[in-house]
Amino acid sequence: MTDLLSSLNTAQRAAVTASDGPVLVVAGAGSGKTKVLTTRIAWLLEQGVYPGEILAYTFTNKAAKEMKERVARTVGEDRAPFWIGTFHATGARILRTHAERLELPRDFAIYDSDDQKRLLKGVLADLNVDSKQFGISGVRAAISAWKNEDIDPTAAQAAAMSYVEETYAKLYEGYQKALRNCKALDFDDLILETVHLLEKHEDVRNQYASKFRHVMVDEFQDTNELQLLLVKLLSCQHGNIFVVGDDDQAIYGWRGAKVENMLQFDELFQGTQTFRLEQNYRSLGTILDAANAVIANNKQRKGKNLWTDAGRGDLVAVEQHLDAEDEAARVVEIVQQEMAAGRQRGDITVLYRTNAQSRLFEDALRRARVPHQVVGSVQFYERREIRDLLGYLKLVANPADEISLQRVINQPKRKIGQTTVSRLVACARDNQMPAGDLVMRPDLLLDALGNAASKRVLEFLTKLAGWRRQAHENTPVPELLEKIIADIAYEKFLHEDEPDTAAARMENVAELVNGTHSFHEASDGGTLGQFLEQTALVADQDTIQDGEGAVRLMTVHTAKGLEFPVVVMSGVEDALLPHITSSDTDAGVEEERRLFYVAITRAMRRLYLLHASRRRRFGSYEDSLPSRFLNEIPDELCEQREVDHGWKQPIGRSLFGDESVSSPARRSPRAGSRASSSRGASSGRGPLGHRERQPSQDLYSAKSQASSRNKPEPSAASWDHDVAQSTPYYEGQLVNHASFGAGTVIRVEGTGDDLTVTVDFPQRGRKHILPKFAPLVPLD
DNA sequence: GATCGATGATTTTTT
DNA sequence: ATCATCGATC
């Protein structure tokens, strides 16, 4: 009991042992926020609270899993709370339990933004709205904003002040109808409908409000209005609401998050106790000073100053490169240098503002044969072949899911075109039955589609019915998926469709099959619905892989909450870091500055800030200026370098224009944003060799938030592997898998295409591998 | 209904 | 530069 608290500092301990009632913990970057949350949970349990009485919201599934594990380690597996999760996952869980009150089937589908856009496209067509004038993405964003403010289509139409607004509102109405017709909820609905459920049904509200005697929220600065409302509803009986956050790390304003939730917490909840954590256990002094100096320029903040008693560390390396290609080449070099200095590859993370930037780093690292992992971006689940197969599974689970139907009905080609699909969908609507169920009414199909088309459609729907029967008979998900892949001859289709990429795609398919196997084992025979829910709600961060073996690449947004010994922040340029679309308002620039602050504070020991003088945009080069935020870091904390790669001629002649050389006085943080290309240029290209890092005290091994990474689901690892096909396998054999790495063969079953090899991967656990899909290379 | 080639948007960040 | 979409053509 006392050892629970013994490793905490005074402020942390005070927060952990706070009495009942509303509690706000303002926790600076690296101040032990997660530790406080998990210890608070453990402490509550020791005070006699039951595990089922605690509800904790996290930002990602990964964070939830980590929190669960950390608590379990302290209090024992059997006493760990089981309601720890994201707002979305928890919402889905509650909604499925009370599906009957929502007039939705229990196995409603969850639509992501891609599904939403496909759905919207149809709505625009139905309502004869010009998609040039009303961009799909814009409409989607508007609908999302409405939902986040709890405004329904009727209210939106009532509030419309112009023809354009009215059209948006009409589209919202149509979208909502179409969504429900597909028996689907979108991400926003998962929270909105949970709120409605609790608002409208007193018994349900009382059930949860009395069940969860302690409600906790991590990353509170990034909650939106609905989430606040939800949390209020859940804590209305006891008022035990414990939230942790950092207003300086609020970076989701664009998604409807309201820092005000945090800034005004004590007004929203009477009798709030506030605690502040300002000691940083993550970064060396220089890095922390740089972060503090940058964020001090923001006006909208509570204000705090992080401090550390760790050493100073190296200066921040600020480097100017000619273009983004050079920047990428430099990243490879940095990786090599850092590794030569004893760092592991997995210690190094490359951050960027936009996903589009990742491509060049991937290319450079691949060419240099440096193992790396892109977290997010072209996510595993967004690849076409994966979405296709998931589409099949979604359609099997929910025959009303017209979006999935449209996706898969002609994939592989079945000679069923757009006209037929539209007629089919219309026929389903006219007869008020799920499109998938029309297999039972060949007569209707014949009327609606004519002879030839209805025959092809019927053929498809009959196949679908077969899979559905299997699903109802509780066929394991992996078996079902393999059956579908076989029935539709998907491998053959991939080869005919695009021979060049077929092998790579098939490997992804194999990963998916592996994923269903892992799911099946981990969930002890979980249902198709559970599998689909899990895949629908995966976050970028959830795909982070174990191990020290790979350099990681991710956006700053994805990096939130994580820490790395070495951080390379790329593209620190005006137009990119204060992103061009956010730099016209003060609020926008401040959020961008917080983003930069988040990037800096991810670094534990060493920080690189890279910018290029020119960058391709839509094909052609455009000049790029160093970010105005760079000026906000005091000179004495930085080591400037202009790295000349020698073999390239600068094209933009204005690169080192007159003003740049003349003004080494690059102070004037507010106004001076434009005159700042001096930074790299004026410092010349002297022999700015690396300062050798002094071996100061080892903050790294004493890290407070040891990121104990868990086994992720299907990975997006990407590095070269030229591998030979099928080799006979035997038990005890050492083999290498393209994305799981080295492992030991545990069992070999089947022959030919059915050959299944069970392999034990040290860090990833046991996996069933089908060599037919994913070659295993013997390492003997 | 499929295929080819022209055209135009796309790049902010994500559960 | 790349991708998706659209229209003309078979």
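Quick note on labels: first sequence line is chain A, next is B, and so on, each numbered from 1.
- For the pair A:Arg616 and A:Tyr621, the cation-pi criterion (under 6.0 Å, within 45° of the ring axis) is fulfilled.
- Between the CD atom of A:Glu225 and the P atom of B:dT15 there is a distance of 21 Å, rounded to whole Å.
- With rounding to whole Å, A:Leu120 atom CG is found 19 Å from C:dA4 atom P.
- Across the interface with DNA chain B, nearest-nucleotide mapping of A:His557 and A:Lys413 shows A:Lys413 to be the residue nearer the 5′ end.
- The aromatic ring of A:Trp254 sits over the base of B:dT13, with ring centres less than 5.5 Å apart and planes tilted by under 30°.
- Across all strands shown, A:Asp188 has no heavy atoms under 4.0 Å from either base or sugar-phosphate atoms.
- The CG-P distance, from A:Leu595 to B:dT13, rounds to 11 Å in whole Å.
- Regarding contacts with the backbone of B:dA2, a side-chain N or O of A:Asn410 is found under 4.0 angstrom from either OP1 or OP2.
- Summarising the geometry, the separation between CG on A:Leu351 and P on B:dT14 is reported as 12 Å, rounded to the nearest angstrom.
- In this pair, A:Phe596 and A:Phe629 present their aromatic rings parallel. The plane angle is below 30°, not in the 30 to 60° band.
- Taking only distance into account, the side chain of A:His579 never meets the base of B:dT12 through a donor-acceptor pair shorter than 3.5 Å.
- Comparing A:Arg617 and A:Val421 against DNA chain B, the residue whose closest nucleotide sits nearer the 5' end is A:Val421.
- A donor-acceptor pair shorter than 3.5 Å can be found between the side chains of A:Asp188 and A:Ser144.
- Spacing between atom OH of A:Tyr621 and atom C1' of C:dA1 amounts to 12 Å, rounded to whole angstrom units.
- Atom CD in A:Gln411 sits roughly 13 Å away from atom C1' in B:dA2 (whole-Å rounding).
- Remark: A:Arg96 is positioned above the aromatic ring of A:Phe108, its terminal NZ or CZ atom under 6.0 angstrom from the ring centre and at most 45 degrees off the axis.
- Taking 4.0 Å as the cut-off between side-chain N and carboxylate O, A:Asp186 and A:Lys147 count as a salt-bridged pair.
- Looking at heavy-atom distances under 4.0 Å, A:Thr555 makes contact with sugar-phosphate atoms alone, never a base.
- Residue A:Ser582 is in base contact, counting any heavy-atom pair closer than 4.0 Å across all strands shown.
- Atom CZ in A:Phe59 sits roughly 15 Å away from atom P in B:dT13 (whole-Å rounding).
- Separating the CZ atom of A:Arg456 from the C1' atom of B:dA2 is a distance of 12 Å, rounded to the nearest angstrom.
- Looking at heavy-atom distances under 4.0 Å, A:Phe87 makes no contact with the nucleic acid at all.
- Within 4.0 Å of A:Thr558, counting heavy atoms only, lie sugar-phosphate atoms of the nucleic acid but no base atom.
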